[in-house]
Amino acid sequence: MTDTTTRDDSADAAAVATPELEAVNERQKRRRGLWLALPAWVYLAVFFAIPLAIVFVYSFATRNRFGGTDLSGWNLDSYRALGGDLVRAVLVRSVVLAVITTVICLVISYPFAYFMATRSTRTRNLMLVMVMIPFWTNFLVRNYAWYVILGTDGPLSTITETVGLGETRFLFTQTAVVLGLVYGFLPFMILPLYASIERIDGRLLEASRDLYATGAQSFRRVLLPLSMPGIVAGSILVFIPSLGAYVTPVILGGAKTTLLGGYIVTQFLEARNWPFGAALSSVLMIIMLGATVVYFRKGGQTL
Amino acid sequence: MGGPSVTAAVELSGVTKRFGDVVAVDNIDLAIADGEFFAMLGPSGCGKTTTLRMIAGLEFPTEGSLQIFGDEMGTLPPNRRPVNTVFQNYALFPHMSVRENVSFGLRMQGMSKSETASRTSTLIELVQLGGMEKRKPDQLSGGQQQRVALARALVNEPKVLLLDEPLGALDLKLRQEMQDELKTLQRELGVSFVFVTHDQEEALTMSDRIAVMHEGRLLQVGSAEEIYERPSNRFVADFIGQTNLIDGTVADRDTIVLANGSKVAATTGHVAGTSVAMSLRPEAMHIGRPEDIPATHATSSLTGTVTEVNYLGVALVYRIAVDWIELEVRAPTVSEVDRLKPGETASVWWARETAQVVAD
Amino acid sequence: MAGENITEPRGATKWLLRANASFVYIFFYIPILVLIVFSFSDNRNVGVWGGFTLDWYRDFAESDNTREALWNSVQIGLVATVISVVLGTASALALERFKFRGRAVFDALLYLPIIIPDVTMAVMMLLFFSEAAELFGFSKGFATITLSHIAFSISFVSVVVRARLGGMNDRLEEAAMDLYATRWQAFRYVTLPLIMPGILGGGLLALTLSLDDVVITQFVTGPGWTTLPVYVFGLIRKGVTPLINAVSVVMLVASTILVVLSLIAQRIRGGDTV
Ligand SMILES: Nc1ncnc2c1ncn2[C@@H]1O[C@H](COP(=O)(O)OP(=O)(O)OP(=O)(O)O)[C@@H](O)[C@H]1O
Ligand SMILES: [Mg+2]
């Protein structure tokens, strides 16, 4: 689409076709594709691939006494530091909370997606839009809303006090963080699950019932396996950002509940230990790549 | 046929199209006359669509010359060729109304607004879509979509119209109606139609000439009669209509030795020793008891055992086992007492000229 | 797979499914409602009701800081969106319609920004711009933020547009060319209108992501430069005033308007016809 037809309409127009001409044509077509891709290609190479490489390089560098980074004396110190007690605690806590978040999202979303997929087209579209609206709402705003609800004198506490349950103190706990993460990432689970369940031919379930399966058996033997790509995609889409979450733990978890994302940020903005921060980021990235490879192995196509 | 026009509407000489290792079209020579209704027939994957796409300019030949009214097309892009296409499944623009679809070609050619409007209206009337101008394609039935596709191509007054299985998506009744309409339209406009189809009956009834393709090669080009009655090779004989193919070897100009050693008379047209097949149409054979064979047909007959008789109303279909093969014979219905029964000995014979000898 | 039949759950299962769906929607919308309600509360304590007031909205309108941050966000969001829509659409066309050298690598590279956590992306951009600033000497701010936002938005636009292109019949472009359209005209009058819903959707996603971003912006911004989310985030960390409720509601309304507009645009464009 980049060049106009005036160019290829020219001299060769009336020539008899030959393999050479065909090859020229083929090359022209490839070149057209390359030209189209080129701007984005170059952009991503410069502003994504190179930065990615720099992070890996930095993770082997040394922090100097002034908080700067010496790009010499390459070593594995930053990776060794990953074994420290504090780091281990942060890593374990992050993974545990991310797993809990993923499981909760899955448990809520699966029946929801199934319910949605079995409605009439009209209802289904309406339900979908109603899921999309919070999804498009500003992420920070959505976290902040829970901050307001869970606050010491906030509406939740007021309600529990009024009914005689005493005041609740959820804010700045791990529970609040999980709540915020579930709230933030639930659509990421619902949408791929819905997409994969919606695609399943309803007659397959009928067939399984016809072949003497109970409702539960037909769920376990037919629906569940067939919706596996959606389950894997949704889980990865929730797990990865939960693991790297920064905004939610800071707003809802407070200082006590540092997670991996916040810990990395601290290395750069406060502790000024860039090589260590880079090593942590590299680890996060490798976990992410591993998860994605699993996804594609499981037969997922697109995210 | 197209009459004695000097230059062909479309002429392919030595055209080959390869996709990597696949030879989709293999060294085709073909001339389509001006004003001709030309059908291309062949099994799936034989290269019909590819040939059509090369004429349209949607695909360029790997090798060979492709001329339209004497002008070499070579690698000219589709927008600069005087041909238009009715696509399989129509490829109507879903975001445009009927009117916008039909006028698209004229607008792209930069024709004046008034001229575009009047020609568009004429064509919409011609295909009987008046009153539906504002509808989108998805608000039309299959047959109506078909007409839009036709109008959209014909409004440009192409010199050749290419149609890729235009009736494939329609149900039987509509299909027959559209066959008549297409044929009438083609006669009125006098434009060459190149028509790709899977359906041999469609090809046989509609076309002036038919090309039979197989595995990228052009096996035979001729009128419906020629192709049906004088197939040029085994594939064509087998592909067009029902036939019995009996293997044998040419002995001399008038004799074939069948696989069981019996000799039959036929115009062989091949040198001695060639292995051939004799094609006998089920309806071209007579059936009776061995003593019924006329003396004149002694060397154009076979004898075997009836295995099956099926009653089809106007006809009876017999299956007769002759040594190594089974023949299908279609004969007029006779009263039940006169019929041959399974297990009885039966003979078939045929007029010499109806037996076609074909090589592979 | 819609329909009422044997496979339709009955009894307890049916009610559990319904209850779960209701719960999901309550869960989604209660916090948003609470936020809106308390943005009108006349009490310095964010979660406590103290009578109706519009003071916080007035404060928002009169505060230079928020206005400037908002303006910065809008500028960055628009520029980043326009550029990533162009680059993302072009790359989607290239990947969906052409073979070219390096296609597989490009395809993989395009997926990475989608799956990489934003903290990692922030670290990447910080280190990159620090190195680049040393080499070329420029100051961080508008440019570095916008460049970073484009770097992740291209991929999202590309994925959304590709999905749309993949669902489009290839024959349509050929039909246009057969009807005397040049390659450009075929794109302009057939392909572009048909993928427009995808382009709009991708653009909306890019804009939303840009306006959502806190951590990357925080990492690559320079002195004196802040966007609305970063500013609000700072306020929340420092200790909250109900002003933030008002700011949040404004952001909420803005995103809702965007979504509604895009839905309307898709309807008008006849988005379901391909
Ligand atoms: N773009 C392409 N790339 C590779 N191979 C192709 C391409 N187009 C066609 N072919 C191959 O060329 C051969 C001929 O294809 P073509 O579409 O012309 O067949 P056809 O006769 O139209 O079949 P059908 O009746 O099924 O439509 C097939 O083997 C097909 O697989
Ligand atoms: Mg075909």
Side-chain angles (χ1 to χ4, degrees), chain A residues 1 4-5 30 32-34 36-37 39-41 43-44 47-52 54-55 58 108 111-112 115 117-120 130 133-134 136-141 144-146 148-149 151 153-155 200 202 205-206 209 240-241 244 246-247 251 261 264 268 277 281 284-285 288 292 303, chain C residues 1-3 6-7 17 20-21 24-25 28 31-32 34-35 38 45-48 87 90-91 93-94 98-101 106 109 113-120 123-128 131 147 151 154 182-184 187 208 211-212 214-215 229 232-233 236-237 244 248 251-252 255-256 259:
Chain A
M1 318 284 143
T4 63
T5 34
R30 277 165 181 271
R32 223 174 287 135
L34 192 59
L36 263 179
W41 222 145
Y43 196 98
L44 287 179
F47 294 107
F48 189 86
I50 294 180
L52 193 65
I54 293 179
V55 172
Y58 259 76
I108 298 175
F112 182 81
F115 184 71
T118 48
R119 294 309 93 186
S120 71
M130 298 275 288
I133 289 175
W136 291 106
T137 305
N138 189 284
F139 187 71
L140 189 62
V141 171
Y144 175 69
W146 281 104
V148 172
I149 293 177
D153 301 317
I200 297 172
L205 294 183
E206 290 174 13
R209 297 302 291 271
I240 290 176
Y246 166 66
V247 169
I251 295 180
I264 293 176
F268 285 92
S281 303
L284 187 54
M285 232 156 8
M288 174 276 292
T292 320
L303 288 169
Chain C
M1 46 180 284
I6 167 75
T7 55
L17 281 175
N20 179 65
V24 167
Y25 284 117
F28 271 145
I32 296 176
V34 167
L35 196 64
F38 282 92
N45 237 322
V46 282
V48 185
L87 297 188
S91 62
L93 282 166
F98 293 94
K99 286 187 197 122
F100 52 92
R101 195 174 309 148
F106 180 56
L109 187 60
I114 297 178
I115 45 185
I116 222 159
D118 48 4
V119 171
T120 315
V123 170
M124 286 163 46
M125 299 325 280
L126 170 69
L127 299 185
F128 175 73
E131 289 297 318
L147 287 170
I154 291 176
T182 59
R183 198 172 288 119
W184 165 251
F187 174 71
T208 305
L211 294 175
D212 265 4
V214 170
V215 60
V232 171
F233 186 64
I236 297 174
R237 291 184 84 178
I244 302 175
S248 300
M251 284 159 77
L252 183 84
S255 31
T256 311
V259 174

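Here is how names work: the chains are called A, B, and so on, in the same order as the sequence lines, proteins then strands, and each is numbered from 1.
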Checklist line | Partner chain C: residue of A:Trp136, A:Trp146, A:Phe115, A:Tyr246 with the largest heavy-atom pair count (under 4.5 Å) | finding: A:Trp136
Next item on the list: Step through it carefully: locate the ring centre of A:Phe268, locate the ring centre of A:Tyr58, and say whether they are under 6.0 Å apart.
Entry: no
Notebook entry, point to check: Heavy-atom distance under 4.5 Å to chain C: side chain of A:Pro111, backbone, both or neither?
Noted result: both
Notebook entry, point to check: What part of C:Leu35 is in contact with chain A, defined as an atom under 4.5 angstrom from a non-hydrogen atom: side chain, backbone, both or neither?
Noted result: side chain
Check: Which region of C:Val34, side chain (C-beta onward) or backbone (N, CA, C, O), has a non-hydrogen atom less than 4.5 Å from a non-hydrogen atom of chain A, or is it both or neither?
Finding: side chain
Checklist line | Under 4.5 Å from a heavy atom of chain C, the part of A:Met288 involved | finding: side chain
Check: What pairs with C:Asn20 under side-chain hydrogen bond (donor to acceptor under 3.5 Å, both in side chains), at least two apart in sequence or on another chain?
Finding: none
Next item on the list: Measure distances from A:Tyr43 to the heavy atoms of chain C and classify the residue's part below 4.5 Å as side chain, backbone, both or neither.
Entry: side chain
Check: A:Gly277, A:Gly33, A:Pro39: which one forms the most heavy-atom pairs within less than 4.5 Å of chain C?
Finding: A:Gly33
Note to self: With a 4.5 angstrom heavy-atom cut-off, is it the side chain or the backbone of A:Leu34 that approaches chain C, or both, or neither?
What the structure shows: both
Item checked: A:Phe112: ring pair (Phe, Tyr, Trp, His ring centres under 6.0 Å) partners, not counting sequence neighbours -> C:Tyr25
Next item on the list: Under 4.5 Å heavy-atom distance to chain A, tell me which part of C:Ile154 shows up: side chain, backbone, both or neither.
Entry: side chain
Next item on the list: Would you mind checking which part of C:Phe106 comes under 4.5 Å of any heavy atom in chain A, side chain (CB onward), backbone (N, CA, C, O), both or neither?
Entry: both
